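First up is the structure itself, then whatever we jot down about it.
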Amino acid sequence: MRFFAIGFGQAGGKILDLFMENEKLRGSNTLKALAVNTARTDLMGLKHIPPKNRILIGQTIVKGHGVGTDNKLGAKIAQEEIETVLNAIDEMGTHEIDAFLIIAGLGGGTGSGGSPVLAKYLSEMYSEPVYAVGVLPAPEEGKLYSLNAARSMITLLKYVDNLILVDNGAWKFEGMSLRESYAKINEEIVRRLAILARAGEPVEEGLVGEMVVDSSEVINTLRGGGISSIGYATLPIQEKKKGGGLFGFLKKKEEQVVTAEEDRSTRISSLVRKAALGRLTIPCNIGSAERALVLVAGPPEYLDRKGLEKAKLWLEEQIAGVEVRAGDYPTRRTKHIAALVVLANVTDIPRVKQLQKLAAEAKEEVEIAEKERIEKTISLFEEEDLEPLF
Ligand SMILES: Nc1nc2c(ncn2[C@@H]2O[C@H](COP(=O)(O)OP(=O)(O)OP(=O)(O)O)[C@@H](O)[C@H]2O)c(=O)[nH]1
């Protein structure tokens with residue numbers, strides 16, 4: 001799956017930078033990456049997106065300092081400078097890509113306001129699907145972030161072919177602050193995107209996928225303009241050494257490592273279940289998904305067609321719809337078997353409901369506060385009979 005990815009704002013840029021690093025490390029050069037921001041320092045902090053593929057917008061308005069969580073300003077700047085962004089995309093080349101992928105934190109200003117604007121233009125100008133990865137703010141970030149995210153989500157859903165949500169609140173790591181968790185959350189997001197990017201890619205020389213998933217199957221799964229959540233699970237593998245002895249046995253117990261000789265089919269199907277029922281990028285009711293896609297990657301001797309088919313049947317029972325696509329990707333560049341489950345077009349997502357509620361409250365509070373402020377300011381001058389200067 002060849003993505004043209006645009007990291008919008010700080011979170012989007014950082015996640016895309018890591019995605020780029022990951023793709024380089026695994027020897028793939030199919031990912032096109034462009035970072036767009038109103039903050040100069042955010043762009044300067046990127047390491048793997050080449051400087052020529054970083055665009056600073058809004059310089060005349062915010063002087064390279066970001067929009068300070070004002071997503072209306074973020075949207076306005078993106079609208080005014082959309083030509084610059086679209087020209088950069090065109091110059092980088094779009095003829096070989098399968099889809100656009102906009103990545104942004106939806107609680108801030110630049111990415112939250114800018115990504116729906118970009119999604120609108122890309123969906124009008126190109127036939128390739130436009131997906132967004134939207135990072136939702138954690139509850140402790142406050143009502144302004146909720147209001148921003150809710151507004152951005154509603155607008156994005158008008159233009160994208162699919163919105164993959166990631167909930168920072170659900171992903172905050174034990175004993176860590178949200179900020180300290182960012183790096184780990186970003187790694188988790190990139191792990192999932194990297195597996196998705198393997199769909200339809202030529203496999204390493206000498207390897208053959210048993211059930212290949214093409215990029216068109218990813219596109220068919222994600223069609224329809226809904227919200228998706230992604231599950232993921234891995235299992236470490238271990239080459240079976242002759243005379244592994246007591247140490248080998250202990251290691252196996254501790255780390256739950258597996259060897260190729262164990263029941264492959266059960267192992268694959270339980271790994272897929274673990275991915276679907278475990279921690280999703282956004283917690284949701286799996287029974288409300290319209291479609292699903294399963295991708296399993298790992299060394300070929302650990303992959304198994306029967307196991308995948310079993311997992312597919314099981315998922316068909318779990319989701320609301322009937323469309324489940326499944327495939328595998330053999331690779332020797334890993335010491336794990338990884339299962340990815342995309343739950344497409346889910347409708348029962350408690351965090352989104354909660355965000356809408358918080359956003360509605362925040363909107364009302366802002367309006368009341370503004371009205372009161374105007375009234376109080378006027379009343380400050382009511383008693384005096386002074387004329388304004390002009
Ligand atoms: N997962 C994750 N979330 C992040 C990261 N950085 C910021 N966020 C979240 O993204 C939201 C803020 O968005 P940013 O991308 O920082 O803001 P921006 O788009 O650059 O906009 P302004 O800074 O307002 O100009 C908040 O909800 C943060 O919790 C990150 O590296 N990873």
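Every number for a ligand or one of its atoms is a count from 1 in the order of the listing. The basis for the numbers below is simple: all heavy atoms, side chains too, and nothing from hydrogens, waters or symmetry mates. Computed from a prediction, not measured in an experiment: that's the story for all the values here.
- Atoms of ligand 1 lying under 4.0 Å from any heavy atom of N186, numbered from 1 in the order shown and given with element: 1 (N), 2 (C), 30 (C), 31 (O), 32 (N).
- Contacts of I15 with ligand 1, taken as heavy-atom pairs under 4.0 Å, are absent altogether.
- Of all protein heavy atoms, the one lying nearest to atom 5 (C) of ligand 1 is A11 CB, 3.5 Å.
- The closest side-chain heavy-atom distance from N220 to R291 is not below 4.5 Å.
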Exercise. So K143 and E365, salt bridge (charged side-chain N to carboxylate O under 4.0 Å, His left out) or not? Walk me through it.
Worked result: CA-CA 10 Å; K143 286 187 177 168; E365 280 170 31; 2.8 Å; yes
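- Against a heavy-atom cut-off of under 4.0 Å, G66 is close to the following atoms of ligand 1: 25 (O).
- For ligand 1 and P137, the ligand atoms under 4.0 Å from any heavy atom of the residue are 27 (O).
- Relative to atom 25 (O) of ligand 1, the option among T110, D167, L106 with the closest non-hydrogen atom is T110.
- Here E323 pairs with R223 in a salt bridge; the nearest charged N to carboxylate O distance falls below 4.0 Å.
- The part of I185 lying near ligand 1 is the side chain, judged by heavy-atom distances below 4.0 Å.
- The protein heavy atom nearest to atom 19 (O) of ligand 1 is G111 N, 2.7 Å.
- Contacts between L178 and ligand 1 below 4.0 angstrom, taking non-hydrogen atoms only, involve the side chain exclusively.
- Nearest-heavy-atom check against atom 18 (P) of ligand 1 across K14, H65, E141, Q10 picks out Q10.
- The closest non-hydrogen atom to atom 10 (O) of ligand 1, taken over G105, S152, S115, comes from G105.
- For W171, no heavy-atom contact with ligand 1 is shorter than 4.0 Å.
- Nearest protein neighbour of atom 17 (O) of ligand 1, counting heavy atoms only, is G108 CA, 3.9 Å.
- Contact annotation: G68 has at least one heavy atom less than 4.0 Å from an atom of ligand 1.
- Of the protein's heavy atoms, Y182 OH, 3.1 Å lies nearest to atom 28 (C) of ligand 1.
- Within ligand 1, counting atoms from 1 as listed, the ones closer than 4.0 Å to a heavy atom of T69 are 24 (O).
- Salt bridge R264/E301: absent, no basic N to carboxylate O contact under 4.0 Å.
- Distance screen at 4.0 Å: atom 23 (O) of ligand 1 has no protein heavy-atom neighbour inside the cut-off.
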For this session: Test K363 against E367 for salt bridge (charged side-chain N to carboxylate O under 4.0 Å, His left out), laying out the working first.
Result: CA-CA 6 Å; K363 187 170 170 261; E367 282 164 5; 3.6 Å; yes
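- Of the possible polar contacts, one joining the S288 side chain to the T347 backbone as a donor-acceptor pair under 3.5 Å is found.
- With hydrogens and angles disregarded, a donor-acceptor distance shorter than 3.5 Å links the side chain of K32 to the backbone of M92.
- Here E316 does not pair with K312 in a salt bridge; the nearest charged N to carboxylate O distance is not below 4.0 Å.
- Atom CG in L25 sits 11.5 Å away from atom CE in M20 (nearest 0.5 Å).
- The distance from atom CG of L163 to atom OG of S152, rounded to the nearest 0.5 Å, is 8.5 Å.
- At a heavy-atom cutoff of 4.0 Å, ligand 1 is contacted by the side chain of V135 but not by its backbone.
- Near G9, meaning under 4.0 Å from any of its heavy atoms, are these atoms of ligand 1: 19 (O), 20 (O).
- Between R191 and E188, at least one side-chain nitrogen of the basic residue sits less than 4.0 Å from a carboxylate oxygen of the acidic one, meeting the salt-bridge criterion.
- For R26 and E201, the salt-bridge test passes: some basic side-chain N is under 4.0 Å from an acidic carboxylate O.
- Considering backbone and side-chain atoms alike, V67 places an N or O below 3.5 Å from some N or O of ligand 1.
- Proximity to Y145 (heavy-atom distance under 4.0 Å) selects the following atoms of ligand 1: 26 (C), 27 (O).
- Relative ring orientation between F100 and F4 is described as tilted, the plane-to-plane angle lying within the 30° to 60° band.
- Close approach to N168 involves these atoms of ligand 1, each under 4.0 Å from a residue heavy atom: 1 (N), 2 (C), 3 (N), 4 (C), 9 (C), 29 (O).
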